[in-house]
Amino acid sequence: MGYAEPVTQGYDTCPPWAPLFGYAGAASCVILANWGSAWGTWKAGLGVCSMGVNYSKGVIKNIVPIVMAGVLGIYGLIVAVIITQSISTPSSDGSTSYSVFNGWSHLAAGLCCGLSCLAAGGTIGVIGDSGVRNFGLKATCGKRFWDGESEGMEGDAAQEAKSVEDANRLYVGLLIMLIFSEALALYGLIVALILSQNTYYCSAV
């Protein structure tokens, strides 16, 4: 009869294709996290460059959104490394101790961290772009660099100091919004680390 072939114990739990989900989780985590990091750096970088034309003194101070966007890629790298190190290599006969449970758990961890970093990157980029542009306008009282000093305003240090003070108040609000935007990715990282620890390996037969 055609059904005399023995069934290997644990084959359905740890099939040869189970690592596919684990590697998919690691790849999606890195890709989505780097996507969010690049998105945030792109948007915030445009704002910093535009602001630097009119208020070059604030370039270094307003580079914070770019740094925060760059950290998102590190989150994805951390989770991806943890996932890939948890994937066991198959034996000589093609069997593996890596279970389907591990595959789904690692896929969920990768998507959780990756999508959270993608959302955080977009938020940081939009807030950073708008925030640093308006910071520069506030610090310069809306003047462009080609306007020069207006008549009757020469040596008016008090007005300039007030404008910078008002811009610093805006900067505090910008930092708070950026911190909460970065927290979105941190939440995803924490949950991804918890998910990646839920493992089940088939014992050797």
### Query
Is the backbone N or O of Leu46 less than 3.5 Å from a side-chain atom of Ser50, with the two atoms forming a donor-acceptor pair by type?
no
### ring pair (Phe, Tyr, Trp, His ring centres under 6.0 Å) against Tyr75, all qualifying residues, sequence neighbours excluded
none
#### Entry: Minimal non-hydrogen separation, Val100 against Pro15, with atom names
CG2-CD, 3.3 Å
### Message
Restricting to non-hydrogen atoms, name the atom on Ser37 and the atom on Ala69 that form the minimum distance, rounded to 0.1 Å.
### Response
OG-O, 2.8 Å
### Short side-chain to backbone donor-acceptor contact, Ser99 and Tyr200, under 3.5 Å
yes
### Query
Can you tell me how far OG1 of Thr123 sits from CE of Met177, rounded to the nearest 0.5 angstrom?
11.5 Å
### Message
Using a 3.5 Å distance criterion without hydrogens, assess whether the side chain of Asn102 forms a donor-acceptor pair with backbone atoms of Tyr98.
### Response
no
### Message
Let me check something: do Leu186 and Leu193 share a hydrophobic cluster, defined by ILVMFWY side-chain heavy atoms less than 4.5 Å apart, either directly or through other members?
### Response
yes
### Query
Which atom names give the shortest non-hydrogen contact between Ile83 and Gly22, and what distance separates them?
CG2-O, 3.4 Å
### Message
Please report the interatomic distance OH(Tyr171) to CZ(Phe135), rounded to the nearest 0.5 Å.
### Response
7.5 Å
### Query
In Å and rounded to the nearest 0.5 Å, what is the CD to OG distance from Gln197 to Ser86?
7.0 Å
### Query
Nearest 0.5 Å, what's the CG-CG distance between Leu137 and Leu170?
10.0 Å
### Message
In this structure, is the centre-to-centre distance between the rings of His106 and Phe101 below 6.0 Å?
### Response
no
### Query
Can you check whether Gly52's main-chain N or O pairs, donor with acceptor, with Ser56's side chain at less than 3.5 Å?
no
### Message
Please report the interatomic distance SG(Cys29) to CD1(Ile31), rounded to the nearest 0.5 Å.
### Response
10.0 Å
### Message
To the nearest 0.5 Å, what is the distance between CD1 on Ile82 and CG on Leu195?
### Response
11.5 Å
### Query
Side-chain heavy atoms under 4.5 angstrom apart, residues restricted to Ile, Leu, Val, Met, Phe, Trp, Tyr: same cluster for Trp42 and Leu32?
yes
#### Entry: Single-linkage hydrophobic cluster Val67~Leu184, side-chain heavy atoms < 4.5 angstrom
no
### Query
Given Val132, which of Leu174, Ile66, Ile127 fulfils the side chain to side chain contact (heavy atoms under 4.5 Å, CB included) condition?
Leu174
### Query
For the residue pair Val79 and Ala109, what are the closest heavy atoms and their distance?
CG1-O, 4.2 Å
#### Entry: Minimum heavy-atom distance Pro65-Ile124, with the two atoms named
O-CG2, 3.5 Å
### Message
Do Val30 and Leu72 sit in one hydrophobic cluster, given that two such residues count as connected whenever their side-chain heavy atoms are within less than 4.5 Å of each other, even indirectly?
### Response
no
### Task
Could you tell me whether the side chain of Asp129 and the main chain of Gly125 form a donor-acceptor pair under 3.5 Å?
no
### Query
Quick one: side-chain hydrogen bond (donor to acceptor under 3.5 Å, both in side chains) partners of Ser97, sequence neighbours excluded?
Ser88
### Task
Provide the closest heavy-atom pair for Leu178 versus Met68 in the form atom of the first, atom of the second, distance.
O-CE, 3.2 Å
### Query
Would you say Leu118 and Tyr187 are hydrophobically clustered, going by side-chain heavy atoms of ILVMFWY under 4.5 Å?
no
